[in-house]
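Every number for a ligand or one of its atoms is a count from 1 in the order of the listing. One is the number of the first residue; the rest follow in order along the sequence.
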Amino acid sequence: MVKKVTKAVIPAAGFGTRFLPVTKSVCKEMLPIVDKPTIQYIVEEAVSAGIRDILIVTGKNKKILEDYFDSAPELESLLEQDNKEELLHLCRSTEKMANIHYIRQSHATGFADAILLAQTFTGNDPFAVLLGDDVIYTPEGKRPAIGQLIDCFEENGKPTAAVMEVSDADIPKYANIKGEEDGKNRYRIEKIVEKPAAAQKFSNKAVIGRYVVDSDIYEIIRRTPPSKSGEVYFTDALGLLAKENRLMGCVFEGKRYDAGNKQEYLEANIEYALRDRELSSGMKKYILSLADALRRKQ
Ligand code: G1P
């Protein structure tokens with residue numbers, strides 16, 4: 001019997017240099033999409049897929065994350081005194097989302113190394129891995145992306161990675177797979193390579209930052225040879241699983257934004273604002289009039 005997935009790991013130790021200078025003092029996970037930090041979207045996705053325990057792998061300058069998911073007694077009593085019920089509720093809502101645990105990665109030694117730090121947290125349980133740069137929208141009532149991967153893992157008993165179709169121009173940004181279709185939205189992954197040049201691609205199927213693995217991953221990472229840079233790539237560890245016919249790909253349904261890229265981060269802000277009940281009509285008016293003005297200038 002495949003064990004239920006109730007734990008997740010979120011690697012969040014990176015410096016966020018693509019967003020300098022703001023990331024000099026605000027970590028990238030706290031950059032907001034509309035009114036919530038990006039990491040909250042990741043935590044919400046995990047929670048709505050049935051995850052109860054989350055380990056965030058932090059690093060330098062990340063204390064702000066722990067404060068965010070903790071109580072804020074002074075602010076709360078002020079809001080209480082002023083009878084600001086709604087704001088009080090919002091303020092408290094981040095505190096009880098899940099059991100959130102933290103561990104620090106003392107050196108910036110990469111993604112696979114961050115996963116190794118999760119071993120005491122996960123023990124022998126399977127777990128989900130969610131990368132903070134990938135924000136995935138699914139409409140209300142639809143199973144979140146990580147839930148779709150959990151379903152695939154629970155059906156097959158095999159570690160599963162999220163798969164998405166990308167253009168040739170985007171091939172070098174992602175892990176790339178060779179695979180055979182194996183049922184609806186499922187791939188049996190035969191090979192996976194980290195960020196190849198477009199000319200070296202296996203296909204136009206990329207793996208993005210959602211995975212479900214079991215505790216064998218620790219032993220696999222430890223026997224993965226380091227890349228040329230000396231870093232052991234998580235993708236190469238997945239490659240060993242693929243070689244042993246133990247890796248599945250799940251083509252998830254949902255709209256994914258690369259929140260680590262300025263253009264897509266801004267697009268995410270606009271689209272989430274358009275979905276927001278309070279903001280949507282004002283935003284729509286503004287965007288249409290801006291589009292008119294831009295067209296007139298052309
Ligand atoms: C990471 C992974 C890569 C994956 C990508 C998805 O790369 O290493 O395999 O395709 O996330 O967003 P990063 O974008 O952190 O360099």
Looking at atom 10 (O) of ligand 1, what's its closest protein heavy atom, distance included? Val207 O, 2.6 Å

Here the pair of heavy atoms bringing Val207 nearest to Tyr174 is O-CB, 4.0 Å

Is atom 15 (O) of ligand 1 close to the protein, meaning a heavy atom under 4.0 Å from it? no

Taking only non-hydrogen atoms of Leu131 and a 4.0 Å limit, the atoms of ligand 1 in range are 1 (C), 11 (O)

When Lys7 is tested against each of Asn99, Asp53, Asp125 for side-chain hydrogen bond (donor to acceptor under 3.5 Å, both in side chains), which residue passes? Asp125

So which protein heavy atom does atom 13 (P) of ligand 1 come closest to, and at what separation? Lys195 NZ, 3.6 Å

Given Phe234, Tyr174, Tyr233, Phe111, which has its nearest heavy atom closest to atom 5 (C) of ligand 1? Tyr174

Ligand 1 versus Asp258: contacting region, heavy-atom distance under 4.0 Å: neither

Could you tell me if Arg210 sits above the aromatic ring of Phe252, with its cationic atom closer than 6.0 Å to the ring centre and no more than 45 degrees from the axis? no

NZ/Lys3: more than 12 non-hydrogen atoms of other groups inside 6.0 Å: yes

Hey, does Gly209 sit under 4.0 Å from ligand 1 if you only count heavy atoms? yes

Does the plane of the ring in Tyr257 sit parallel, tilted or perpendicular to the ring in Tyr272? Use 30° and 60° as the thresholds. tilted

Min heavy-atom dist Asp133 to ligand 1 below 4.0 Å: no

Within ligand 1, which atoms have a heavy atom of Thr235 less than 4.0 Å away? 9 (O)

Closest by any non-hydrogen atom to atom 9 (O) of ligand 1: pick that one out of Arg18, Glu194, Met164, Arg256. Glu194

Under 4.0 Å from a heavy atom of Asp134: which atoms of ligand 1 are those, numbered in the order shown and with their elements? 6 (C), 12 (O)

Taking the side chain from Asp182 and the backbone from Arg188, do they hold a donor-acceptor pair closer than 3.5 Å? no

Between Thr23 (side chain) and Gly16 (backbone), is there a donor-acceptor pair under 3.5 Å? yes

Below 30° counts as parallel, above 60° as perpendicular, anything between as tilted: where do the rings of Phe19 and Tyr265 land? perpendicular

